[in-house]
Amino acid sequence: MLKRITLPVAEIVNENETIRTFYFEKKLGALPGQFIMLSDLVTGEKPFSISECESGYFGVTIKKLGTFTQALFEKKPGDLLSYRGAYGSSFSISGRNVLLVGGGYATPPLYYLSKELLKAGAELTVVNGARSKKELVFCERFSNLSLSYQRITDAGCLGRAGSSVDIAQVLLEENHYDMVYVSGPELMMRAMRNLLQNYPELNYEFLFERYMKCAIGICGNCTIDPLGIRLCVEGPVLARDKIVQLTEFGEYHRNAAGIKEYF
Amino acid sequence: MLKRITLPVAEIVNENETIRTFYFEKKLGALPGQFIMLSDLVTGEKPFSISECESGYFGVTIKKLGTFTQALFEKKPGDLLSYRGAYGSSFSISGRNVLLVGGGYATPPLYYLSKELLKAGAELTVVNGARSKKELVFCERFSNLSLSYQRITDAGCLGRAGSSVDIAQVLLEENHYDMVYVSGPELMMRAMRNLLQNYPELNYEFLFERYMKCAIGICGNCTIDPLGIRLCVEGPVLARDKIVQLTEFGEYHRNAAGIKEYF
Amino acid sequence: MKNDRSRISVEFLGKRAATPLVLPAGIMGMTWSGMKYTWENGCGIITSKSLTMEPRKGHAGPVIAEFEGGMLNCMGLCNPGIEEGLAEVNEFRKFYEVPVIVSIFATTIDDFLTLTQKVNESRGDFVELNLSCPNVSDEYGLPLAASKIKVAEIVSAVKMVSKIPVIAKLSPNVSGLTEICTAAEAAGADALCLINTLGPGMLIDIDLQRSVLSNRTGGMSGPCVKPVALRAVFEAYSRVKIPIIGTGGVSNGRDAVEMLMAGASLVGVGSALYEGGIGIFEQINQDILTYMDQYGYGTITDIPRLEKM
Amino acid sequence: MKNDRSRISVEFLGKRAATPLVLPAGIMGMTWSGMKYTWENGCGIITSKSLTMEPRKGHAGPVIAEFEGGMLNCMGLCNPGIEEGLAEVNEFRKFYEVPVIVSIFATTIDDFLTLTQKVNESRGDFVELNLSCPNVSDEYGLPLAASKIKVAEIVSAVKMVSKIPVIAKLSPNVSGLTEICTAAEAAGADALCLINTLGPGMLIDIDLQRSVLSNRTGGMSGPCVKPVALRAVFEAYSRVKIPIIGTGGVSNGRDAVEMLMAGASLVGVGSALYEGGIGIFEQINQDILTYMDQYGYGTITDIPRLEKM
Ligand SMILES: Cc1cc2nc3c(=O)[nH]c(=O)nc-3n(C[C@H](O)[C@H](O)[C@H](O)COP(=O)(O)OP(=O)(O)OC[C@H]3O[C@@H](n4cnc5c(N)ncnc54)[C@H](O)[C@@H]3O)c2cc1C
Ligand SMILES: Cc1cc2nc3c(=O)[nH]c(=O)nc-3n(C[C@H](O)[C@H](O)[C@H](O)COP(=O)(O)OP(=O)(O)OC[C@H]3O[C@@H](n4cnc5c(N)ncnc54)[C@H](O)[C@@H]3O)c2cc1C
Ligand SMILES: Cc1cc2nc3c(=O)[nH]c(=O)nc-3n(C[C@H](O)[C@H](O)[C@H](O)COP(=O)(O)O)c2cc1C
Ligand SMILES: Cc1cc2nc3c(=O)[nH]c(=O)nc-3n(C[C@H](O)[C@H](O)[C@H](O)COP(=O)(O)O)c2cc1C
Ligand code: FES
Ligand code: FES
């Protein structure tokens, strides 16, 4: 397991007003779906999924939300940040004809996954959804890959109105997929799970988020009911066999104190 | 560096009344001249040179002297002992025509050295000296190797009377050696050093003993004046370039309290 | 024979634990399902996260920092508070016949008593007094466990109200730990848990020129604290009659046997989850059985203890 | 520039050390030639083995036991006694212009004073009071360093007679170390040395079913004690004005810089000799210079300290 590494931010790309990708020049050796714990050693330390990972650099794509991400958005290239990881389970690289469904800031890890799937020779269809056009990220990056790419916003400003789940439904009806990967807001993922109940033979993997503190499987803050598995070790990527058992999924999560908060 | 290993004594061979070889079934991977720290975890822990070392076992040849070695002599095969190491510097495996001079219980490490030298294709002459015939050890083992072997006792009971230094003197006069290895009582080694002053071109290595506690180079009990090198790390085997500088050699050593004791 | 797990089952203060392994406070014990997952994987007794009167979010990150041989943590006693915390315990205990230790933390005797009364009404099997958290000393000053008088006061007060056995969890970061142990015993403690984290310690990031932990210092745990835990357990074992939960740095079966030889009745396994994964409990159980087979011990209590000092 | 060693030379209590590295008491300081060998290899200040009134052979072996992240030792204060010990110091100091700290150990004020008077007549540059040896507590009870009153008493008595600066070496195994540090400063100590070994700890050989160390317990040193040393140094640095020799677990240049940032003026390097070999001192010197170059610090005192707490 890697120790903490402190290094300058190599580059920052503005994806939109509230989302930026931070690049670091370092070989991380992470698998798609894994995350790092990123910190400035002043404001906090939080988990972020790897959105790009090549031999000489890696990136994480971050949405500005609270204190910590706001502090990150003050950083300029050359400023030092500190990370540990990569941690957690990863997406399996499997399936010949694959559907990827992303939502909001959770889509970027599917970009890294897509690149690895393409290397493995799979055919991909990617659905990238967001509330508005401005909030859609990684569109250009996906368009540059040889895959079928669909964008969707709630407002329909890109031609289609609706959610990525709506598109996924149509795609699932019209095509035969042998694997589905989903990363998005939990309620979107719950809708996907419900949709996928109609395809009992189809395997799928979702990327989950739970409140993480240690990220190394000891504090127990990120366990999910009723399995008790730790989303920082046995997750954040879970496969169908586990997902169907989750009673907590889409219902509640536990905050920093371990108190249940309902969606 | 190896951690402590506790294991049963595999076999004990009586070399004579006061010297025994203890065998352990364990791959030690030591080099000739290195030593282990052996303990029963009751009576003490002391350094002993490796006298045999093959892939499946190793042996140390021990003279009964004080409390600790007496306690060792109570042990039967199957009894547990604990060691750490191997530690220290080793004899270089070099020279085509080599003279080895041993004395008393310090001769056995030259046996392991001889085997390695023979493997490297060297021609060996071994001189094994002791006060009396009973005290000569490893005679049979040496005789079974293809080398020229000479035994000598102070009393002359084996045909020759004198010390191993006397024989070495004759051998050095009559032959051309390119390397000399010596392991014996310090005053014998001093005599060897004096003798070897007449051969300024000849390289040699001696195996030294000093009071050892940590054996890992931190306590400083085993340093030798004026170099200050530690005989547990930079020694116990020293080569000519170091040996000629030693003012302490043959004069005094320091005891467990670090107080000088003169020979 | 080797797979006869009953050989390592242990009776502890009237309850039976399937294995001698204890999940210590603050490790995986935040949620009922976390408790279940640990038990399913071979842990014999579960300790809850230390519960306080009110919920605590704990310190900001980083709350964990690694170093050679162990880790520091400054979780800061994050927990959902006694009510929610006991709800998690009850949820677990309702379905599983597995002894649970409820760890509680407070800074006044009154609060310890209030917490104990709530534990009385829960399904918890034992109550453990965390007298020794080093990560909130900025907030609360020296841990209570540093004073044998305070330890004795709290233990005897809690004993007056508790309906279940009381365990005192003590800190190694004190002078004269053995006397504190005997004071806890004299005050009525039913068992000791030794040790809480060592130090505390601090690490500095020389590039960012800041302490790594948000709270600057944190308690040490993991392999490197084992020698201190063994010493604490052995010295306590030599002086007290009550059972001891030996906790600190146990990462494999040989460590666990060392802890038993030092005098522990049960063995805590916490930080080892990090490097050993969730399989570590079953691995240790198996390694203990292997050791027992090697030396011919039928049941775990046949493993000899060191002669008392 | 990089090889300009004067950039890491440090002034300490009126003497100049070529490098910030200190050989701590009990490491290689038994003989004059051991002192020389360490200095030749890049150590700036040499501390002698702790010297006592009479020679001591120390404990029987094993006196060293390794574990993950460090080692235990129970040398038992083996030393040739003050007379022979000072003879070694004098022999070294006669030929080399290298500051030497003479460490002394006693259990009574009278003996500390007698020892100090002998040090006065030697070529030693500083006297260090070992108030904290954990390996002779069977013999002598709790270390003196556990009591701020005793520490203050001894320091002020020694200050009355000592002709050279006085360093108090303290133990981390106490409650309230910072108060003990301020007590030592108030009593007149010219510098502190933090920390002596941690614990103590114990290890058990489960095959022989005996403690590994002959004396059962021993003090912990090596990489894993670094967090405790850093914390102790930083807390002391925040409260006292006298310089601190930061010792404990320093094994590489980054560790040394951490120690400086925590507030140390000099950095002790002891147990690291084991894994790092004698080349460790020069390696650390070079690594400090590399760090200084990376961040543009001209001299070692430019390396910033953490903000005091
Ligand atoms: C496995 C995983 C991967 C993630 N990947 C990304 C990513 O690629 N990009 C991205 O922008 N965000 C990602 N997140 C979420 C990210 O960690 C939070 O957005 C971030 O912590 C918000 O911190 P804040 O202080 O700015 O906001 P806050 O105001 O503290 O919190 C805002 C939201 O973030 C959640 N959050 C806060 N702290 C944590 C924490 N320690 N662990 C988990 N969730 C937290 C809160 O529950 C809340 O819903 C990921 C989370 C997890 C668990
Ligand atoms: C590198 C080295 C290799 C050695 N190899 C062998 C060997 O192969 N066979 C063998 O029989 N002996 C060997 N010795 C010597 C052996 O260590 C001592 O004979 C043994 O320690 C005696 O212990 P005791 O308690 O029986 O006797 P004691 O009565 O304690 O001592 C008898 C003699 O052994 C020396 N000695 C005692 N303790 C130590 C110690 N810790 N370190 C070094 N010397 C000590 C004393 O100086 C004394 O001269 C070696 C010593 C060293 C340093
Ligand atoms: C992340 C973490 C959180 C902890 N939280 C608590 C706690 O809430 N209450 C407590 O008594 N001990 C707590 N501890 C201490 C452990 O219970 C245990 O005593 C210590 O970690 C030593 O055991 P280990 O080395 O096996 O981890 C915590 C330890 C860690 C690592
Ligand atoms: C083998 C050994 C012997 C020691 N002897 C002494 C001693 O005599 N006096 C003393 O004050 N400290 C002694 N110490 C403690 C060291 O001086 C130092 O404070 C401690 O080892 C921490 O530093 P390190 O981790 O760099 O070794 C000894 C340490 C070791 C490992
Ligand atoms: S974040 Fe601590 S167990 Fe997952
Ligand atoms: S025996 Fe300790 S330095 Fe050699």
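Lettering of chains follows the sequences in order, A, B, ..., and the numbering in each one begins at 1.
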Review point. Heavy-atom distance under 4.5 Å between the side chains of A/Thr223 and C/Met30, does that happen here?
Key: no
Check your understanding: Should the pair A/Arg254-C/Glu84 be classified as a salt bridge under the 4.0 Å nitrogen-to-oxygen rule?
Key -> no
Exercise for review: Using non-hydrogen atoms and a 4.5 Å limit, figure out which bit of A/Leu7 sits close to chain C: side chain, backbone, both or neither.
Suggested key: neither
Practice item. With a 4.5 angstrom heavy-atom cut-off, could you sort out which part of C/Met71 is near chain A: side chain, backbone, both or neither? Key: side chain
**Study point:** Residues, nucleotides or ligands: over 12 heavy atoms within 6.0 Å of A/Gln70 CD
**Key:** yes
Point to revise | Part of C/Ile206 within contact of chain A (heavy atom distance under 4.5 Å) | key: neither
**Study point:** Whether A/Lys213 side chain and C/Met75 backbone form a donor-acceptor pair below 3.5 Å
**Key:** no
**Study point:** Contacting moiety of A/Glu234, where chain C heavy atoms sit under 4.5 Å
**Key:** side chain
Review point. Within a strict 4.5 Å, meaning less than it, do heavy atoms of the A/Arg230 and C/Ile278 side chains meet?
Key: yes
**Study point:** Heavy-atom pair with the smallest gap, counting every atom of A/Arg4 and C/Asp205
**Key:** CD-OD2, 4.2 Å
Review point. Relative to chain C, which segment of A/Asp79 carries a heavy atom at a distance below 4.5 Å: side chain, backbone, both, or neither?
Key: neither
**Study point:** Atom group of C/Glu54 that falls short of 4.5 Å from chain A, counting heavy atoms
**Key:** neither
**Study point:** Heavy-atom closest contact (C/Ser33 atom, A/Asp225 atom, distance)
**Key:** OG-OD1, 2.5 Å
Exercise for review: Name the region of A/Thr43, side chain, backbone, both or neither, that has any atom closer than 4.5 Å to a heavy atom of chain C.
Suggested key: backbone
Check your understanding: Heavy-atom distance under 4.5 Å to chain A: side chain of C/Thr38, backbone, both or neither?
Key -> neither
Point to revise | Proximity breakdown for C/Glu91 and chain A, heavy-atom pairs closer than 4.5 Å | key: neither
Review point. Above 12 or not: heavy atoms from other molecules or residues under 6.0 Å from NZ of C/Lys36?
Key: yes
